[in-house]
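Let me begin by presenting the structure, written as structure tokens, before commenting on it.
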Amino acid sequence: MLLRSLFSSLSRSHLRFSPSLFLTRSIASPTSPWFLPSCRHTVRFGSVLRASSSATGGDSPRPPDLPIVPPTASKVPFSFQAEMINGIEAALGSTFSSDPLSPPSSPLILVISGPSGVGKDAVIKRLQEVREGIHFVVTATSRAQRPGEVDGKDYFFVTKEKFLSMVQRNELLEYALVYGDYKGIPKQQIREYMAKGFDIVLRVDIQGAATLRSILGKSAVFIFLVAESEAALVNRLVARDTESPEMLFVRIATAREEVKHMKKFDYVVVNAEGKLDGAVELVESIIDAEKASVSQRKVEI
Ligand SMILES: Nc1ncnc2c1ncn2[C@@H]1O[C@H](COP(=O)(O)OP(=O)(O)OP(=O)(O)O)[C@@H](O)[C@H]1O
């Protein structure tokens, strides 16, 4: 029935054709896709389809100016393709929509964590350079500013008193006392940038990641960053030269314990010595995969 209707719509079109042209492949069922005639014609590229009402039966005209991109390997002439499409539309009783078939992807929250000195800051900084639409949430901290750090860019450096007043006003998604200093994530920044469609990157230590997991559950993507080995991590921390020997010892001892928490994360990314770009590419792949996921994570802050 469907086929008959299609043939009759096509035969009303300007094109002279034989149904046998279409049936160069066997038809498994009336609804299965069956296609193109094996004939040789000159193809006119770059033209724009304008449907004639006779080809669509007059009921469901194709949108005007809908460009048809010619498949390079096709031997089917353009005008003939247009007639075929019109015929199929007429047989189906509706035009083909150009709306995207995939649902829009939701903004992500990426939680990037890992032992001290593994390269969290370095990876996030590079990610922001190579990828658009990423907002790194600037953490508020009561710790002292290190040389080269910029207030409002690396952290919001605040006094302990100011930090505690932010806690009281429920302005922080999560906060913790880390090595004697407070660190916390301002909620407002996340809301603001998610509303603009940005993917959000949060940088937290392992303890912070555990707290965020309990708050955000599966609605966020948790990435654990590791060095290629314990020795490489220690070298990196020593070379950074930002800690006193005592603090260095505490960080290294803590890192040993922290690696054990890897399984609570969704992904692990190795940031190997001299291969920062490789780590960033993997993070990008994770983002791309998440955006292509059939069930998108939904988050509310
Ligand atoms: N792939 C890499 N190869 C070599 N050096 C790296 C790599 N990634 C980061 N580094 C360097 O290692 C040091 C530690 O990196 P970074 O400060 O980004 O770590 P972090 O995880 O943010 O540390 P913390 O949690 O203590 O703030 C920095 O000097 C950084 O430049």
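Each residue takes its place number in the sequence, starting with 1.
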Tyr193 and Gln188: side chain donor to acceptor below 3.5 Å:
no
Quick check on the hydrophobic clustering: are Leu110 and Val299 connected, directly or via other members, by side-chain heavy-atom contacts under 4.5 Å?
no
Show, in sequence, the C-alpha distance, side-chain angles and deciding distance for Lys298 and Ser106, and conclude whether the side chain to side chain donor-acceptor pair (under 3.5 Å) test is met.
CA-CA 7 Å; Lys298 289 266 178 263; Ser106 321; 2.8 Å; yes
Would you say the side-chain atoms of Asp199 pair up with the backbone N or O of Leu108, donor to acceptor, closer than 3.5 Å?
yes
Are Arg213 and Phe222 in a cation-pi contact, defined as NZ or CZ under 6.0 Å from the six-membered ring centre and within 45° of the axis?
yes
ring-ring contact (aromatic ring centres under 6.0 Å, His included) pairs touching residues 274-301, sequence neighbours excluded, are none
Lys160, Lys162, Met166 screened by side-chain contact (heavy atoms from CB on, under 4.5 Å) with Tyr182, the one that passes:
Lys160
From the list Val201, Val280, Val118, side-chain contact (heavy atoms from CB on, under 4.5 Å) partner of Val123 resolves to Val280
Are Arg146 and Asp154 within salt-bridge range, i.e. N to O under 4.0 Å?
no
Of the options Val167, Thr211, Ile185, which is the one that meets Tyr175 in a side-chain contact (heavy atoms from CB on, under 4.5 Å)?
Val167
Lys196, NZ: over 12 other non-hydrogen atoms inside 6.0 angstrom
yes
Indicate the atoms forming the closest heavy-atom contact of Arg240 with Ser116, along with that distance.
NH2-OG, 3.9 Å
